[in-house]
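Everything below concerns the one structure shown next.
Quick note: numbers below take in every heavy atom, side chains included, and nothing from hydrogens, waters or symmetry partners.
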Amino acid sequence: MVENFDEWFHDILEQADITDSRYPIKGMAVWRPYGFQIRKHSMNIIKKLLDKDHDEVLFPMLVPESELAKEGIHVKGFEDEVYWVTKGGQRELNEQLALRPTSETAIYPMYSLWIRTHIDLPIKMYQIVNTFRYETKHTRPLIRVREITTFKEAHTAHATKEESDEQIEDFIEMYKEFFDDLGIPYLISKRPEWDKFPGSDYTMAFDVIMPNGKTLQIGTIHNLGQTFAKTFDITFEDKDGEHKLVYQTCAGVSDRVIASLIGVHGDDKGLRLPPKVSPNQVTIIPILFKKGKEEVLAKCSEIKDTLEDAGLRVNIDDRDIRPGKKFNDWELKGTPIKLELGPRDLENNITIAMTRDTEEKTEIPLDDNLADSIIDLLNQSSENLSSQAWDFLNEHVKFAHNLDEVAELVESGNVVKFYWCGEEEVGHEIEEKTGYDVLGIQEEVSEGKCIASGKDAKYVALIAKTY
């Protein structure tokens, strides 16, 4: 799998019924029912976290060119990626309309209308929508696409810089909890100046190391300062009657969360899904013979009802095919637990539980503790997947003390830490000489020498091969 990860990833999306990329527009795919369920359960986790202090909203997809053009730095960052609507029916439009590449220029004109005084602040909203970017590089399903179908973006406005800085920290903690729930390990860094979100003061990012050693950006958090407030005249009257500009932040995750979920946990046999997002947390597979068939099926239904009453998602695979095919299918689709029940098991009042994470079999009594026993196994599965994923990430972060070491370490599937003086020209030099991307700054230091300039280091930074 590691050697052929890209091929494995493409194949598993089709074989496990995640998406279908045969839609007749390059870079746009269809979510199939099984994949959509994974997406839904994943987004429900982030929605629950956001709903504590954010309001969910829905803004239009079309953005007038005049609004998009107002923020010059921002639009320059997207100008080569924008899709334009130029006609309505057969009539040319008076003004081009952009399909949102992201929603700052759609949301912030409304913020300028809604925010009047300090009592309107803070304002915290989010939406989960599709966004469009004319991706010219090689497209990859869920990773590099032209329609991002799962774009969660949160937008906040605050009275003070201190509040906006606190919001950034809140988003970081929220994303940690989100990715921890999915068992996805992450590296957090501050993006270099040349790679920050257009129009922002700074960008914080979450990256994961995929099995082939490439990093995938799975979450971003941006401190926008007052850049957009100035452009869209988002002001408020404070307690003293003085009019001031707001401070803003935004944060996003996308389809890449599902890509990382699949890639980080999968193995040569297929998906291994964390129980929290698996469409079926338990799949019951009856072993049927002519004798005792009805009794086995009746018990399977009883078990299903018991587990569903405990809040679990359960299905019974009663297809008229060989049991071995059923086991292989659900192994491929990553169901956390398969329960086998045949006539002999029924006589012994047990079921055989097979966990996808360890592939171990356990006899479980069919008694009043059945649901608790299954929940314990699911919790263990979550912990195992997370532990294995974090072990992989930690094993693939290495430190380089000179530029000559970087290529060998990166080509061996690692993300590389290094000392950096922080100068932008030196950062570009490091990227040019190595051929890899500086992900960002991980921590400030008062020791060490820059890997390229030899000057005193200010930071430990990360460099990697990226998607």
Side-chain angles (χ1 to χ4, degrees), residues 1-9 77 135-138 140 143-144 172 175 179 184-197 200 202-221 256 259-260 263-264 388-467:
M1 172 184 163
V2 174
E3 296 79 9
N4 304 299
F5 174 72
D6 287 337
E7 181 181 344
W8 175 92
F9 183 79
E135 180 60 66
T136 56
K137 297 180 181 179
H138 180 61
R140 299 175 187 274
I143 292 176
R144 193 172 291 283
I172 290 173
Y175 278 14
F179 292 123
I184 297 173
Y186 42 80
L187 298 165
I188 305 173
S189 67
K190 183 179 182 180
R191 286 290 187 250
E193 193 69 17
W194 62 89
D195 195 32
K196 67 181 184 180
F197 183 68
S200 69
Y202 63 87
T203 291
M204 301 299 296
F206 283 66
D207 293 278
V208 66
I209 306 175
M210 298 295 261
N212 59 1
K214 288 185 179 181
T215 60
L216 185 66
Q217 178 179 285
I218 53 174
T220 49
I221 300 164
R256 289 183 167 199
S260 62
V264 165
Q388 291 170 21
W390 273 105
D391 285 347
F392 177 87
L393 182 138
N394 291 328
E395 290 166 5
H396 288 82
V397 177
K398 309 292 184 183
F399 205 101
H401 293 278
N402 61 70
L403 277 178
D404 295 334
E405 296 175 344
V406 172
E408 182 179 350
L409 288 172
V410 171
E411 292 304 321
S412 299
N414 301 297
V415 170
V416 175
K417 288 186 174 185
F418 66 96
Y419 287 128
W420 179 34
C421 63
E423 295 179 9
E424 188 168 333
E425 287 185 8
V426 176
H428 288 307
E429 178 188 339
I430 292 169
E431 290 189 334
E432 289 169 8
K433 286 187 175 180
T434 63
Y436 308 119
D437 296 317
V438 174
L439 291 182
I441 296 163
Q442 214 174 30
E443 60 179 308
E444 294 185 9
V445 293
S446 56
E447 61 180 9
K449 297 294 182 180
C450 177
I451 198 171
S453 69
K455 298 178 182 179
D456 289 341
K458 291 184 178 179
Y459 309 110
V460 169
L462 302 172
I463 190 168
K465 187 181 290 187
T466 63
Y467 275 99

For this session: Decide yes or no for Ile143 and Phe9: does some side-chain heavy atom of the first lie under 4.5 Å from some side-chain heavy atom of the second?
Result: yes
Exercise. Do Leu393 and Val264 pass the side chain to side chain contact (heavy atoms under 4.5 Å, CB included) test, and can you show the C-alpha distance, the side-chain angles, and the key distance before you say yes or no?
Worked result: CA-CA 10 Å; Leu393 182 138; Val264 165; over 6 Å; no
Exercise. If we only count heavy atoms from C-beta on, is the Ile430 to Leu403 side-chain gap below 4.5 Å?
Worked result: yes
Exercise. Above 12 or not: heavy atoms from other molecules or residues under 6.0 Å from CD of Glu444?
Worked result: no
Exercise. Considering all heavy atoms of both residues, which atom of Gly263 and which atom of Pro211 are nearest to each other, and what is their separation?
Worked result: O-CG, 3.2 Å
Problem set entry | Other residues, nucleotides, ligands: >12 heavy atoms within 6.0 Å of Glu408 CD | no
Exercise. Can you tell if the side chain of Asn402 reaches within under 4.5 Å of the side chain of Glu405, non-hydrogen atoms only?
Worked result: yes
Exercise. Are any of the side-chain heavy atoms of Ile188 and Phe206 separated by less than 4.5 Å?
Worked result: yes
For this session: Indicate the ring-plane relationship of His428 and Trp194, choosing parallel, tilted or perpendicular according to the 30° and 60° boundaries.
Result: tilted
For this session: Anything under 30° is parallel, anything over 60° is perpendicular, the rest tilted; go ahead and classify Tyr186 against Trp390.
Result: perpendicular
Seminar exercise, completed: Rounding to 0.5 Å, atoms CG (Leu409) and CG (Asp404) come to a distance of 11.0 Å
For this session: Mind checking the NZ-OG1 spacing from Lys196 to Thr220? Nearest 0.5 Å is all I need.
Result: 14.5 Å
For this session: Give the ring-plane orientation class for Phe399 versus His401, where under 30° counts as parallel, over 60° as perpendicular and anything between as tilted.
Result: tilted
For this session: Check Asn414 against Glu395 and note the closest heavy-atom contact, atom names and distance.
Result: OD1-O, 3.9 Å
Exercise. Roughly how far, to the nearest 0.5 Å, is the CG atom of Leu439 from the OG1 atom of Thr215?
Worked result: 4.5 Å
Problem set entry | From Ile463 atom CD1 to Tyr436 atom OH, the distance as rounded to the nearest 0.5 Å | 8.5 Å
For this session: Provide the full list of ring-ring contact (aromatic ring centres under 6.0 Å, His included) pairs with a residue in residues 447-467, sequence neighbours left out, each pair given once.
Result: none
For this session: Using a 4.5 Å cut-off on heavy atoms from C-beta on, say whether the side chain of Ile441 contacts that of Trp420.
Result: yes
Exercise. So, Lys458 and Glu423, do they make that salt bridge, N to O below 4.0 Å?
Worked result: no
Exercise. What's the shortest heavy-atom distance between Pro185 and Val208, and which atoms?
Worked result: O-CG2, 3.2 Å
Exercise. Given side chains that start at C-beta, do those of Val415 and His396 come closer than 4.5 Å, heavy atoms only?
Worked result: no
For this session: Identify the residue among Lys190, Lys214, Arg191 that makes a salt bridge (charged side-chain N to carboxylate O under 4.0 Å, His left out) with Asp207.
Result: Arg191
Exercise. Say you draw a straight line from CD1 of Ile218 to OG of Ser260; how long is it, rounded to the nearest 0.5 Å?
Worked result: 4.5 Å
For this session: Please round to the nearest 0.5 Å and tell me the distance separating atom NZ of Lys465 and atom CG of Asn212.
Result: 8.0 Å
Side-chain atoms of residues 446-454: list all donor-acceptor pairs with protein atoms under 3.5 Å, sequence neighbours left out, distances to 0.1 Å.
unit_1 : atom_1 : unit_2 : atom_2 : d
Lys449 : NZ     : Asp456 : OD1    : 2.4
Ser453 : OG     : Lys455 : N      : 3.2

Exercise. Hey, are the side chains of Thr466 and Gln217 touching, using non-hydrogen atoms and a 4.5 Å cut-off?
Worked result: no
Problem set entry | Contact check, side chains of Val406 and Phe418, non-hydrogen atoms, under 4.5 Å | no
Exercise. If you draw a 6.0 Å radius around CD in Glu425, do more than 12 non-hydrogen atoms from other residues or ligands fall strictly inside?
Worked result: no
